[in-house]
2 protein chains.
Amino acid sequence: MANLKQVAERAGVSSATVSRYLNGSLSLPEATSASIDAAIAALNYRPNPFARSLSRGRTDLIRMVVPDIKAPFFSALVAAVENAAYAREQELAISVTLNRPGRETRYLDSVSDRHVDGLIFVTNHPQVAPLKSRIDAARRVVLLDEDVPGAVAPRLFCDNEGGGYLAGRYLAERGHRCVAVIGTGDEMHSGAARYGGFMRAFDELYGTDAQVLRKAGAYTIEDGRRLCAEVLDAGPGVTAIFAMSDELVMGTLDELAARGLRVPQDMSIIGFDDILPLDYFATPITAIRQPVEELGRMAVEILLDTDWDDPAARSRVEILPVRLVERSSVASVAPPSKATDQQEKVR
Amino acid sequence: MANLKQVAERAGVSSATVSRYLNGSLSLPEATSASIDAAIAALNYRPNPFARSLSRGRTDLIRMVVPDIKAPFFSALVAAVENAAYAREQELAISVTLNRPGRETRYLDSVSDRHVDGLIFVTNHPQVAPLKSRIDAARRVVLLDEDVPGAVAPRLFCDNEGGGYLAGRYLAERGHRCVAVIGTGDEMHSGAARYGGFMRAFDELYGTDAQVLRKAGAYTIEDGRRLCAEVLDAGPGVTAIFAMSDELVMGTLDELAARGLRVPQDMSIIGFDDILPLDYFATPITAIRQPVEELGRMAVEILLDTDWDDPAARSRVEILPVRLVERSSVASVAPPSKATDQQEKVR
DNA sequence: TCTCGTTCGTAAATCGGTTTACTAAACGGA
DNA sequence: TCCGTTTAGTAAACCGATTTACGAACGAGA
């Protein structure tokens with residue numbers, strides 16, 4: 001493989017000339033540039049990216065850190081980021097943490113290393129102390145999808161609160177008054193916001209005249225089963241479940257099926273994420289759709305275009321809208337005798 | 001950020017000493033090594049990976065090229081490769097081609113660039129001429145999941161032929177004699193092998209006394225719909241469809257649903273890949289399961305452990321077994337009047 | 001003819017490591 | 001005491017670019 005010097009020799013100029021010509025910091029007469037081009041073509045020259053990174057101090061490599069890549073939401077997010085990174089001519093390194101704290105900090109340090117120009121950081125477990133300070137130290141970190149409280153970094157989320165609200169409103173409007181919410185607890189930004197939005201909707205429609213059972217766990221299929229079981233075991237009143245992720249929806253479906261309960265006749269379900277082909281499920285599942293493509297694109301934009309010396313820019317928070325995709329997993333329940341109460345309240 | 005020289009100064013030795021100590025090519029007395037360790041800790045030194053790559057001529061970076069990352073099979077494959085790469089302390093760059101030939105060659109060239117140490121190359125479209133020569137030129141390329149005919153590179157596939165055979169056998173044993181196979185045509189290694197295996201099973205059981213309709217397209221949902229429609233439009237006899245990928249299964253389900261046909265009462269289905277949660281589908285889908293985890297692990301192993309100067313090693317072909325996961329999308333059909341024929345044949 | 005300003009281009013330092021070849025000092029044995 | 005062998009370490013070249021600061025040649029205007 002040819003290097004700059006060989007190209008320069010063949011073209012009869014110095015390597016500095018070739019370098020500057022290639023980088024546009026020098027304009028050359030036709031004859032010279034032609035001979036350089038010819039030499040490059042003849043030797044099939046391509047610059048060594050490591051030498052280039054070394055001298056420029058930039059790598060054109062960004063890293064995306066995700067808890068898992070098989071999970072549909074994350075794989076969609078990775079795809080979106082890859083796409084955006086490609087468009088910006090950035091190399092993308094993917095790193096999976098499986099939520100092991102050691103891996104997260106290790107990857108955060110790779111920014112301080114100058115190993116990568118920046119990080120798109122996605123986590124989905126409650127934060128422990130060291131993370132915040134590592135993020136602060138790394139600079140050039142964009143927090144995507146989930147928050148790390150206290151860290152100084154731009155953030156990009158979907159409208160979790162609004163999504164929760166849409167879900168709550170949708171259930172409440174269809175007469176569900178005794179419902180369950182399964183997802184993460186308040187230790188997670190997303191869980192807190194989705195629950196908060198959900199409750200806002202219920203409060204609006206029913207005030208205190210409703211029952212919302214909340215069960216908290218992780219965004220996994222297993223916890224979907226477990227939390228759904230807890231809900232069912234808690235008593236017979238619940239008519240609908242808001243499951244905060246695709247995985248939780250799957251787990252919930254498992255548990256319902258195991259007990260012979262039908263969706264939506266025996267139990268209504270509304271989900272969140274909507275990456276899986278919920279259309280194809282036994283009962284197509286109504287869910288809040290995350291704007292994955294936009295999240296990915298915007299994360300890359302923020303990473304590359306933020307002025308990292310500007311404190312305001314570094315604490316920017318961006319919220320992207322979600323929408324409800326209606327399918328057929330939510331039934332309307334006959335309004336209970338107290339329905340008039342509700343109407344009075346609305347007035 | 002500190003560099004080697006600063007560490008060396010603080011430790012009172014030369015930078016060569018520190019470098020060699022760190023790389024184990026020099027053993028030092030306790031006192032010296034302690035002072036180096038102290039300097040490293042004090043300055044929070046971490047080697048610059050680009051300088052290191054530049055001088056060593058290795059990058060410890062491998063690239064995985066996939067057509068798409070959202071598709072369930074590929075995202076599972078990427079996850080498996082990431083996992084294996086992490087275990088081998090290799091950085092992983094993910095590149096998505098969307099089957100654009102320009103991107104594929106570009107990434108292949110990144111091996112010749114010394115940009116990455118090697119490539120795990122996954123494609124899923126019929127090959128055009130330039131690819132083979134680029135692969136040959138790149139060396140250090142592992143072909144995963146799909147073949148590029150003629151290229152000199154180690155290959156790693158699942159047992160497509162065996163999987164096709166399992167599917168064919170399963171349908172045939174349940175009395176299906178008039179079936180359809182939808183997938184890629186013979187221009188793709190996987191499509192040819194799966195179809196071949198399928199036909200082998202049918203030939204074994206039925207000889208010429210069966211009808212297999214083959215429709216070819218890409219591994220996409222849309223083509224699943226289209227090919228299924230073609231099958232249905234071709235006439236009423238078909239009782240089962242072998243769909244060669246998760247996407248084709250989805251498309252098939254779409255088309256069947258659109259026509260009000262039930263699975264498996266009106267049409268049996270058997271799939272391939274089995275990455276999607278087929279358990280959760282309206283009718284849980286029986287499918288051939290690909291050994292994704294093993295494929296990923298082994299691809300990394302081959303990439304890193306192959307002796308690239310050994311022609312035999314470079315033309316190695318590895319086939320991993322598949323298995324059939326039985327669910328409930330295949331019905332048994334009442335043996336037609338000619339069932340005796342079959343028995344005669346078997347004898 | 002003598003500046004002055006372009007145009008065209010180069011030498012050399014630098015980025016931060018690795019590695020080869022070599023040496024100074026200490027040590028051990030005769 | 002002298003020589004050979006370890007031990008402990010270093011100087012310097014090198015990987016392949018970028019970039020700063022500078023200079024030669026040339027044409028134009030006075």
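First the proteins, then the strands, lettered A, B, ... as listed; each starts at 1. Quantities reported herein were computed from a predicted structural model and do not represent experimental measurements.
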Report yes or no: do A:D68 and A:Y219 form a side-chain donor-acceptor pair below 3.5 Å? no
Can you tell me if B:T59 and B:R114 form a side-chain donor-acceptor pair at under 3.5 Å? no
[X] near the nucleic acid: base, sugar-phosphate alone, or nothing, with a heavy-atom cut-off under 4.0 Å?
{"X": "B:S53", "value": "nothing"}
{"X": "A:S25", "value": "nothing"}
{"X": "B:P29", "value": "sugar-phosphate"}
{"X": "A:L28", "value": "sugar-phosphate"}

Would you mind telling me which of [options] lies closest to the side-chain atoms of [X]?
{"X": "B:T17", "options": "D:dT10, C:dT10, D:dA17", "answer": "D:dT10"}
{"X": "A:Y45", "options": "D:dT10, D:dA17, D:dT18", "answer": "D:dA17"}
{"X": "A:S55", "options": "D:dT18, C:dT19, C:dG16", "answer": "D:dT18"}

Quickly work out the B:L22 CG to C:dG16 C1' distance and round it to whole Å. 13 Å
Return whichever of A:N23 or B:A16 has its heavy-atom-nearest nucleotide of DNA chain D closer to the 5' end.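 Mapping each residue to its closest nucleotide by heavy atoms, the 5'-most match is B:A16.
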Donor-acceptor pair under 3.5 Å, A:R20 side chain vs C:dT10 base: yes
